[in-house]
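Since we're looking at a predicted model, the values are computed, not measured. Residue numbers count from 1 along this sequence.
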Amino acid sequence: MKRILPLAFALALSAPAFAQTVDNQGAKQLSDNLARYFGKQAFDTGVLKVSVEGDAYKIALDIKALVNALPEQKLLKFDMAPYALMVKPRSDGSWDVSSNFSQGASFEFDGPEGRQSMEFTIKDGKLTSVYDPALAAFTSGTSSVTGMTMTSREAKQQADVSTGAGTATVVATKSANGGVDFTATQKVSDFVERIKVDDPDSGMNFPLTLKTPELSVDANGKGVRTKPLLDLLAFAVANEDEARLKANQAELKSLMLAALPVWERVDGNYRFKDFEVDSPVGKFGAAQFSTAFGMDGVSQNGKVDYTIKATGLTIPHQTLPEWTVPLLPTEIDLNFGGANIDLDTMAKKAIEAFDLNKNPPLSDEFGKALVADFKAKNPKVVIAHSTVKNADIEVAMEGEMTFPGEKPDATVTVDVAGYDKIVDALKEGAKSDEQMAQAFPFALAVKGFGKTLPDGRLEWVINTKADGSVAVNGAMLKGPDAAQDDSAGQDDNAGDDGANGTDGSTGGDDSDGGDNGGAGAKLQP
């Protein structure tokens, strides 16, 4: 809430700052500008109000009035003070924007499983920033709180969240290729979340506590199309009536095209220091834990990236067999995502083709053709170099997968340091665990297919083809799937088991895949 509301108001300050004299006429002009993005009804119902306060304008948002204006609101209780921004025009055409967003709120309503409630408080919330209407973005901004609390209650779950002091900053500049480049940071201390689940139906009854002394967030964006996105918002407000929207769909298409690619690139990263999870089975923890996400905008060759990293992992042993302890990881670095993603062609074709006067606006045939075109560009699922390791074992993986047909075409490389340690652990487990006793010979067989690298690691290059074949280090483990004969069962001469692979072979050809890279035998499907 403390981040969304300032942004929503500031985005609406898209008209150039008018005369430096702050007066009632300026307040009316600012109200008209805001109405373009929030609707005139927001002012008529008292949800929004602009007034003169000294040498600045006060923009007040009454959330309670907004809730009361909702046609089907079912809240039993809602209590929240109005939220206010102080805005002042600057000589360079931008705005000074500030706020004391210290706040408290609570509400209750009847949910599908009974009474639900929530309340939160923000202590000493302060915002100081500069907003540039020419960029439709904050060129600079800082905010801070001394603490925050939130509690929620449901029939089967309750949660209590608290934080210590927090700060946030944002900086934006004009992008070389249009739009806005920005960087934003946020840091929160002493984050604690306590969750208690009590569900008699499922038998779940346990407490859970998540905590970190420091949570930080970093985000950056390049070429974010803030102005065209504001134009789309204004169009939506001006064309709420369905008939008017249909009549003006040509303008809508033009505005949607102008907003592409939405952004060139956005990236974000959450980091937790000394992260802990207390549970009934023990304490999970990580000295450093982070998750990152990045995504190109609407382009012809876009990428999406995800990363999960943790160091100093601790996992409780109480509920695990002792033989598994040597296998537990202490560090993970997982990197995966997608590449060669053509959303640009899809978006432009869809914008050109949709017709709001038809139901549906896009035909099923068009949708199927669009998906086929997307797949024809050969998008990839990518596993960048990823590792899971502890002091004695490291498992690394990388590869990519495409979907030329119904089945994937993939190449994945797996290499392991300390494979003998894995075998030793499984051997120990086989003494007391029947499933491990069955898995142990498989672990030895897998080792036989591995290639020993100069540094002693074992490597497996796994290739799966769309025809169903699977090879490891060049050795064919499974041949192509047998061809499907739709006439089977109708032609008396169609029952050649050898040709159709029903005798356990791959069509009778034993010549391919004879070299199993040291495995010593050819495995058939």
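Salt bridge Asp231/Lys227: absent, no basic N to carboxylate O contact under 4.0 Å. Salt bridge annotation for Lys246-Asp355: absent, with no cationic side-chain nitrogen under 4.0 angstrom from a carboxylate oxygen. A salt bridge does not link Lys273 to Glu214: none of the charged nitrogens lies less than 4.0 Å from a carboxylate oxygen. Look at Asp344 and Lys348 and you find a salt bridge, because one of the NZ, NE, NH1 or NH2 atoms lies within 4.0 Å of a carboxylate O, short of that distance. With salt bridges taken as basic N to acidic carboxylate O contacts below 4.0 Å, none links Lys253 and Glu352. For Asp296 and Arg265, the salt-bridge test passes: some basic side-chain N is under 4.0 Å from an acidic carboxylate O. Checked for salt-bridge contact, Asp373 and Lys368 miss the test: no charged N lies under 4.0 Å from a carboxylate O. Taking the charged nitrogens against the carboxylate oxygens, Arg90 and Asp92 do have a contact shorter than 4.0 Å, which makes a salt bridge. The residues Asp201 and Lys156 are annotated as salt-bridged, a charged nitrogen and a carboxylate oxygen being separated by less than 4.0 angstrom. Between Asp55 and Lys88 there is a salt bridge, since at least one side-chain N of the basic residue sits less than 4.0 Å from a carboxylate O of the acidic one. A salt bridge links Arg115 to Asp110: one of the charged nitrogens lies within less than 4.0 Å of a carboxylate oxygen.
Note: Tyr306 and Phe293 have tilted aromatic rings, judged against thresholds of 30 and 60 degrees for the angle between ring planes. Between Phe275 and Phe289, the two ring planes are parallel [angle under 30°; tilted spans 30° to 60°].
Side-chain contact between Ile59 and Leu48 is present, with at least one heavy-atom pair separated by less than 4.5 Å.
Glu154 pairs by the side-chain contact (heavy atoms from CB on, under 4.5 Å) definition with Gln116, not counting sequence neighbours.
For the 3.5 Å distance criterion, the side chains of Thr149 and Thr121 qualify, holding a donor opposite an acceptor. Side chain to side chain, Asp278 and Thr209 fail the donor-acceptor criterion of an N or O pair below 3.5 Å. Residues Asp218 and Asn220 bring no donor and acceptor atom of their side chains to less than 3.5 Å of each other.
No more than 12 heavy atoms of other residues, nucleotides or ligands lie within 6.0 Å of CG in Asn24, so this atom counts as exposed by the packing criterion.
Side chain of Arg153 to main chain of Glu108: no donor-acceptor pair is present (N/O by atom type, distance under 3.5 Å, no hydrogens or angles).
Residues Ala134 and Asp132 share a closest heavy-atom pair of N-OD1, 2.9 Å.
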